Amino acid sequence: MIKDDAASEKEAKSILVIEDEEMVLEVAHAMIERMGYAVLSAANGAEAVRVAEQHRGKIHLAILDLGLPDMEGKEVYSHLIRLRPEMRIIVCSGDSAEGTPREIMKAGARGFIQKPYNYDSLLNVITKVLKSGDSN
């Protein structure tokens with residue numbers, strides 16, 4: 001079977017989901033897999049940093065929940081960008097985009113998604129962020 005270019009392009013991209021709520025992490029992981037991407041998961045900031053350090057392949061995108069129990073969102077963002085400067089980051093929060101999310105956006109995060117989100121809104125923000133500029 002021959003795969004179309006869009007499908008093989010998605011399969012080549014890895015997305016790291018950083019979320020401390022187990023059910024939200026599982027649902028996000030399943031939705032992103034359904035979209036056709038490879039998914040890495042982290043349940044807290046320290047685990048996210050460990051994945052960024054140890055994963056051998058490229059991580060194209062991270063979805064960073066700001067309400068993590070062990071590290072502030074800005075701290076996790078700083079570590080991720082230091083380890084993977086080419087990685088794009090989408091900030092995720094149950095709060096509005098004001099405050100900390102806006103600060104991280106000004107620092108270079110590429111998108112924001114407010115929880116609770118659904119499949120379509122997640123797909124839209126992932127597609128927009130990965131298509132903007134050079135995402136290879």
Side-chain angles (χ1 to χ4, degrees):
M1 180 168 89
I2 299 173
K3 295 182 181 181
D4 63 52
D5 289 340
S8 56
E9 181 180 312
K10 280 183 178 182
E11 287 174 10
K13 296 199 184 311
S14 295
I15 297 177
L16 170 60
V17 180
I18 307 156
E19 171 63 60
D20 66 313
E21 294 181 50
E22 186 177 349
M23 183 176 288
V24 176
L25 180 61
E26 289 174 6
V27 170
H29 190 285
M31 287 193 293
I32 295 167
E33 258 185 358
R34 182 173 163 220
M35 292 172 198
Y37 297 102
V39 185
L40 304 164
S41 300
N44 57 51
E47 192 175 332
V49 171
R50 193 167 39 257
V51 169
E53 287 175 332
Q54 296 176 358
H55 181 71
R56 294 198 185 272
K58 184 170 183 175
I59 303 173
H60 296 83
L61 176 70
I63 300 172
L64 171 60
D65 177 33
L66 296 182
L68 300 173
D70 63 336
M71 299 170 95
E72 288 188 22
K74 289 188 278 189
E75 183 181 4
V76 178
Y77 176 81
S78 295
H79 284 297
L80 293 177
I81 289 302
R82 179 181 51 79
L83 292 165
R84 303 265 182 165
E86 76 289 350
M87 182 170 59
R88 293 154 187 256
I89 298 180
I90 295 170
V91 177
C92 178
S93 176
D95 298 325
S96 74
E98 297 303 315
T100 301
R102 179 142 334 264
E103 289 176 37
I104 297 173
M105 295 287 291
K106 286 182 180 178
R110 302 292 183 100
F112 173 79
I113 189 164
Q114 188 165 3
K115 291 193 294 187
Y117 50 81
N118 61 30
Y119 181 89
D120 289 333
S121 61
L122 184 59
L123 177 62
N124 288 338
V125 73
I126 288 172
T127 301
K128 179 182 173 187
V129 170
L130 286 176
K131 283 189 175 184
S132 65
D134 177 27
S135 61
N136 291 329

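Worth saying up front: this structure is predicted, and the values here are computed from it rather than measured. Scope of the values below: all heavy atoms of this structure, side chains included, with no hydrogens, waters or symmetry mates.
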Participant: Would you confirm whether E21, through its side chain, and M23, through its main-chain N or O, come within 3.5 Å as a donor-acceptor pair?
Facilitator: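 No.
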Participant: Would you say the side-chain atoms of N118 and S121 include a donor-acceptor pair closer than 3.5 Å?
Facilitator: yes
Participant: Are any non-hydrogen side-chain atoms of Y37 and I126 less than 4.5 angstrom apart?
Facilitator: yes
Participant: Please determine whether residues L40 and L25 belong to a single hydrophobic cluster, defined as Ile, Leu, Val, Met, Phe, Trp and Tyr linked transitively by side-chain heavy-atom distances below 4.5 Å.
Facilitator: no
Participant: Are any side-chain N or O atoms of R84 and backbone N or O atoms of A52, one a donor and one an acceptor, separated by less than 3.5 Å?
Facilitator: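 At least one qualifying donor-acceptor pair exists.
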Participant: Taking atom CD of E22 as the centre, report whether more than 12 heavy atoms of other residues, nucleotides or ligands fall under 6.0 Å from it.
Facilitator: no
Participant: Are Y117 and L123 packed together at the side-chain level, in the sense that at least one heavy-atom pair is separated by less than 4.5 angstrom?
Facilitator: no
Participant: State the CZ-NZ distance between R88 and K13, to the nearest 0.5 angstrom.
Facilitator: 8.5 Å
Participant: Within this structure, what is the CD-CG distance for the pair E47 and D20, rounded to the nearest 0.5 Å?
Facilitator: 11.0 Å
Participant: Hey, are the side chains of M35 and L122 touching, using non-hydrogen atoms and a 4.5 Å cut-off?
Facilitator: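 Heavy-atom side-chain distance check passes, below 4.5 Å.
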Participant: side-chain contact (heavy atoms from CB on, under 4.5 Å) with I63: which of V91, I18, I32, L16?
Facilitator: I32
Participant: Which pair of non-hydrogen atoms, one from S93 and one from D65, has the smallest distance, and what is that distance?
Facilitator: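 Looks like CA-OD1, 4.4 Å.
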Participant: Can any side-chain N or O of R34 pair as donor or acceptor with the backbone N or O of Y119 at less than 3.5 Å?
Facilitator: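 Side chain of R34 to backbone of Y119: no pair is present.
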Participant: Are the side chain of Y77 and the backbone of A107 linked by a donor-acceptor contact shorter than 3.5 Å?
Facilitator: yes
Participant: Any side-chain heavy-atom pair from I104 and K74 closer than 4.5 angstrom?
Facilitator: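 SC-SC contact between I104 and K74 confirmed.
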Participant: Can you tell me if E103 has over 12 outside heavy atoms packed within less than 6.0 Å of its CD?
Facilitator: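 Yes, the 6.0 Å shell around CD holds more than 12 heavy atoms from other groups.
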